[in-house]
Trainee: 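Okay, handing you the structure first.
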Amino acid sequence: MIAHLPILQVALPLLAAPLCVLLRSARAAWWIYLLASVAAFGSALLLASSVATHGPLHYAVGNWAPPFGIAYVIDAANAFVLVLVSGIAVATAIYAPRSIAAEIDPQRVYLYYACLCLCLTGLLGIVATGDAFNVFVFLEISSLSSYALIALGKRRQALLAAFRYLVMGTLGGTFVLIGIGLAYAVTGTLNMADLAQRLPALYGNRTLTAAVGFVSVGLAIKAAVFPLHAWLPSAYAEAPSAAGVFLSATGTKVAIYAFLRFAFGIFGAGLVFGHLPMSALILIVGTAAMLAGAAIACYQDDLKRILAWSSVGQIGYIVVGLGLASQQGLSAAFLHISAHALIKGGLFATAGIVALRLGTTRIDALAGLARSAPAVFVALLLGGLGLIGVPLTAGFVSKWALVMALIEADQWAVIAAVLLSSLLALVYVGRIIEVAWFREPPLLADTAQPSTPAPMALAMWGLVGVSLVAGVYAAPLSRAATAAAAALLGTAP
Amino acid sequence: MNGFVWIDIVLFTILAATAVGLARTRQLFAAAMLSGLFSLTSACIFVLQDAVDVAFTEAAVGAGMTTVLFLGTLALTRSREKVTPPRRSIPAALIAIFTGGVLIYASTDMPPFAAADTPVQQHPLTQRFLDDSMTEIGVPNVVTSVLASYRGYDTLGETVVVFTAAIAVLMLLGRGRPATSAEPKPREALPQPIQHDQRVLRVVSKLMLPFILLFALYVQFHGDYGPGGGFQAGVIFASGLILYALVFGLDAARAAVSPAALRRMVPLGVLIYAGVGFATLLLGGAFLDYNVLDAHDPAHGQHLGILLVELGVGITVTAAMLMLFYSFAARGVGR
Amino acid sequence: MIASHYNYWIAVVLLMIGLYVVMSHSNTIKKLIGLNVFQVAVFMLYISLGKIEGGTAPIVDAAFTVYSHPLPHVLILTAIVVGVATTALGLALVVRIHEAYGTTDEDEALIADRREAERT
Amino acid sequence: MSPLEWISNLLLGAGLLCLFTGALGLYRLPDFYSRTHAASIIDTAAAALVVVGLALRSDSFATIVRLLLILLFMFFTSPTASHALAQAALQDGLRPWLAKRPRKTRARSGGAAE
């Protein structure tokens, strides 16, 4: 059975989507989505433990040996991301029903769950595959479903945000397609392992250099890396809360993972970071991202928008980590991928609860939240501390690892930028806390707020709680991140 | 230099002229038609480069379906474009030139066009697909073998993409117009039953319709031996029904193929495809390993598997395309 | 160089035109048309990789020995379908944007949003 | 050259002439209706002549049958398409251009035909 797990954890959510549509019932669709994500999470955990003990798993779809068919390869790196993505999907499933009932037309709820299943399928497919073109196909499944998930936001701005995301995302996807095509032109193969074997002979080939460029730019658009981030803030801020939780925690992370896979598993670190000046470029871009994202977040007056802009900044940390291309840098990147996914997922969950209780997420409306909804406020506070990187949070663990990696690489300017951006995070988190804690609520707000539904609170505390546990008891996560980095670099841990 | 070069030059000139024309015109209707022409011309180029299946699909999808969807949208919005301000056009031009420059730079190290010793032609994949597929799978159209068997998983993904688009559009446009609309008066929908004397149109459409549907079935089941397969067949089948809707009105079409039936067919096709995958798992093979479908004769198993998955693709694509059309067409009726 | 590479270059020029239309125009429908041109240009780039001199369509027949490579064809079949799916979703969004804002122009819609934000 | 090839060449030549006439007419004629007429020359006469010319050259029976089926299909659809186009224009209120009318009508209807 374990032999088929690599395909099952993608195929089960895939099977779930048409079932949701066929049954046409919101309740049944939720159960299907829940079961599919739990099944995916379970298989991901089993896979991760199997990979940790027995080494990488290979699976040939259709029993066509690679490079003739499509192969799945699970190693410590993608097992890490698989567990993360499917875990967030479970949290979203717990969170979703009440939030969706409040935000989505009841006639469309079953379609909405089908879209969530599809988005999960796409993301897991990107992570698990060992075939370059297969990445593109699943990238488009996840992208198309996320456009739809975002477009159903309550305000009309959601439509515009989804459209802009669609245009940018399609350009990004097509850039990836061009890059894969150029690599195919000079090798004749699409299998990642086969490509990796043939490419070193071609270092210096101009077609290959351009392929690296196109894939990098395409995935940078999908990951919203700083100058190409324009679609992200309004897309995540306008999305319905449940989609916001899921996408903010997984979407950009998977794109970054895909870049890591292309850089280390296909093109090879020797080409991307040795032959081409990508390392310096990535460090500059990452530094700019963490400063600009955090700075702009300070000027927003909507909770979800602050969180979305903060994501732009936080992606900068991950990018800086991978730009170092060292064992430490990569483990810091993996740590921050997981830490930020948990924290930002938790914070978007909190923002969704705020939206449900107050009917808005505007920052002035938060006044008095600390008294009217202390639990929500505490979650917001803890998540915010994680964003800043205060000790005993997961954010601290990953930032500490990043700073250590930067010290090792003698990148003092970047370290200064990390500290500055943390200060900026203090400013925007502080603003939220200040309003919610100290400012008097307007008299109108005393009218009865709906209470927090228990499943939503559970999901919120689940995400925030796991991020706190990971901050206090950091060893397992660090170990997994180290193993993931080692798997990418090809050095046995 | 042979005759093909001249055809190439003519076609490329038409393509470039079309592209420039659609970039410059501010009439969106003209731009949509030119984009259809662009797809059709590129389909001709694909034929010249031996990609008959691709040409078929591009003609049916790019020139046919996409244009129908553009026209449906234009009928609902009826807008004309404004002049592009230079603050947008200059950075756009710079980005386009830079991207093109990188690609030209890349092309200088690309293998010569149509050479026999390129990495693509030299890779072991070539021999496997072109020589061994006849014994392994036994389908003369190698594109079908690769599409449905060697890379059958990609094609499953592709079917899921169509499914995703269908349910996404259903979610966005599904239930008529919302009450709060910026534009109070409902626009005329695209397929109004034509009021005036349309005997010619009706008679000819009625005459043609069975043949269009028959042709779709031929394309569906002849895909093993010639160009064609589930995608092309699905689009042709849908376009036959779209013709019916255009001539006889949306209500007549919905009476023939109800939206409720479509809503079941779209997921059904995906289920058939994925179901084949799970069936092979249960029979002890790998996911989508058609060899296990027939314990005695693997090649027969491959045939059966390809037939089933192409059927799944055909069902989903037909229903999805028709559903897209219904969604756009019904939007203007204002029910 | 010219004789052996002009196919790629023309695809690149078409790609540039498509990209320019996407980036420069603020009309949403026009953007999608540009996106189509952009994608078709990429398809041409791929298909030209499979062509072989003197080859024929990859449908095995006793009469032929040289066939063009089928793999790029399969990949682009997938990409074409992805393209039409994206266009359909984009157009559905355009219809909804037009209903919500009364325009299909992205800039006008953004201005309308900004005005609305200033009013509240 | 065999007599069959001569006939084929003759038909292809005539087809080309029709194509050219149609294209010229599409470009030069003053209004929508006359342009539709020019376009339908291409659809019907030019296409039919070329298809028959090709059929005479073909050496396989299957190809001939296919070509004839194409011919049959076009025989029905092309005139219908032109008819529908013209009727739609008429319904939309587009008046045919007549020599008596002032030239400005021509410019307007020319734009509509694009």
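Hydrogens, waters and symmetry mates are skipped; everything else that's a heavy atom, side chains included, is used. Residue numbering restarts at 1 for every chain, and letters A, B, ... go by the order of the sequence lines.
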Trainee: Taking every heavy-atom pair that is under 4.5 Å apart, which of B/Phe129, B/Phe163, B/Tyr150 has the most such pairs with chain A?
Mentor: B/Tyr150
Trainee: For A/Ser43, what residues pass the side chain to side chain contact (heavy atoms under 4.5 Å, CB included) criterion, not counting sequence neighbours?
Mentor: A/Leu5, A/Gln9
Trainee: For A/Leu144, is it the side chain, the backbone, both or neither that has a heavy atom under 4.5 Å from a heavy atom of chain B?
Mentor: both
Trainee: Counting only non-hydrogen atoms closer than 4.5 Å, can you tell me which residues of residues 206-220 of chain A sit against chain B?
Mentor: A/Arg206, A/Thr207, A/Ala210, A/Phe214
Trainee: Under a 4.5 Å heavy-atom cut-off, does chain A meet the side chain of B/Thr164, its backbone, both or neither?
Mentor: both
Trainee: Considering only residues two or more places apart or on different chains, which pairs with a residue in residues 271-293 of chain B satisfy side chain to side chain donor-acceptor pair (under 3.5 Å)?
Mentor: A/Asn63-B/Asp289, B/Asn291-B/Gln302
Trainee: In terms of heavy-atom proximity below 4.5 Å to chain B, should A/Leu22 be classed as side chain, backbone, both, or neither?
Mentor: both
Trainee: Identify which part of A/Ile70 has an atom lying under 4.5 Å from any heavy atom of chain B, answering side chain, backbone, both or neither.
Mentor: both
Trainee: Looking only at heavy atoms, what is the nearest atom pair of B/Ala116 and B/Gln121, with distance?
Mentor: O-CB, 3.5 Å
Trainee: Using atom types as modelled and distance alone, determine if a side-chain donor or acceptor of B/Ser42 lies under 3.5 Å from a backbone N or O of B/Phe38.
Mentor: yes
Trainee: Non-hydrogen atoms of chain B under 4.5 Å away: do they reach the side chain of A/Tyr59, the backbone, both or neither?
Mentor: side chain
Trainee: Where does B/Thr99 contact chain A at under 4.5 Å (heavy atoms): side chain, backbone, both or neither?
Mentor: both
Trainee: Let's test your reading of the structure: which of A/Leu159, A/Thr129, A/Leu118, A/Leu152 forms the most heavy-atom pairs below 4.5 Å with chain B?
Mentor: A/Leu118
Trainee: Can the ring centroids of A/Phe138 and B/Tyr153 be said to lie less than 6.0 angstrom from one another?
Mentor: yes
Trainee: For residues A/Arg24 and A/Tyr110, report the shortest heavy-atom separation together with the two atoms involved.
Mentor: NE-OH, 3.5 Å
Trainee: Report which part of A/Val135 has an atom under 4.5 Å of a heavy atom belonging to chain B: side chain, backbone, both, or neither.
Mentor: neither
Trainee: Side chain from CB out, backbone as N, CA, C, O: work out which of these in A/Tyr184 comes under 4.5 Å of a heavy atom of chain B, or both, or neither.
Mentor: both
Trainee: Could you state the interatomic distance from CG (B/Leu28) to OG1 (B/Thr77), rounded to the nearest 0.5 Å?
Mentor: 7.5 Å
Trainee: Among B/Val266, B/Leu271, B/Val270, which has the most heavy-atom pairs under 4.5 Å with chain A?
Mentor: B/Leu271
Trainee: Can you list every pair that meets salt bridge (Lys or Arg N to Asp or Glu O under 4.0 Å) and has a residue in residues 115-135 of chain A, with sequence neighbours left out?
Mentor: A/Asp131-B/Arg151
Trainee: Exactly one of B/Val142, B/Val146, B/Val139 should register a side chain to side chain contact (heavy atoms under 4.5 Å, CB included) with B/Ser133. Which one does?
Mentor: B/Val142
Trainee: Non-hydrogen atoms of chain B under 4.5 Å away: do they reach the side chain of A/Thr187, the backbone, both or neither?
Mentor: backbone
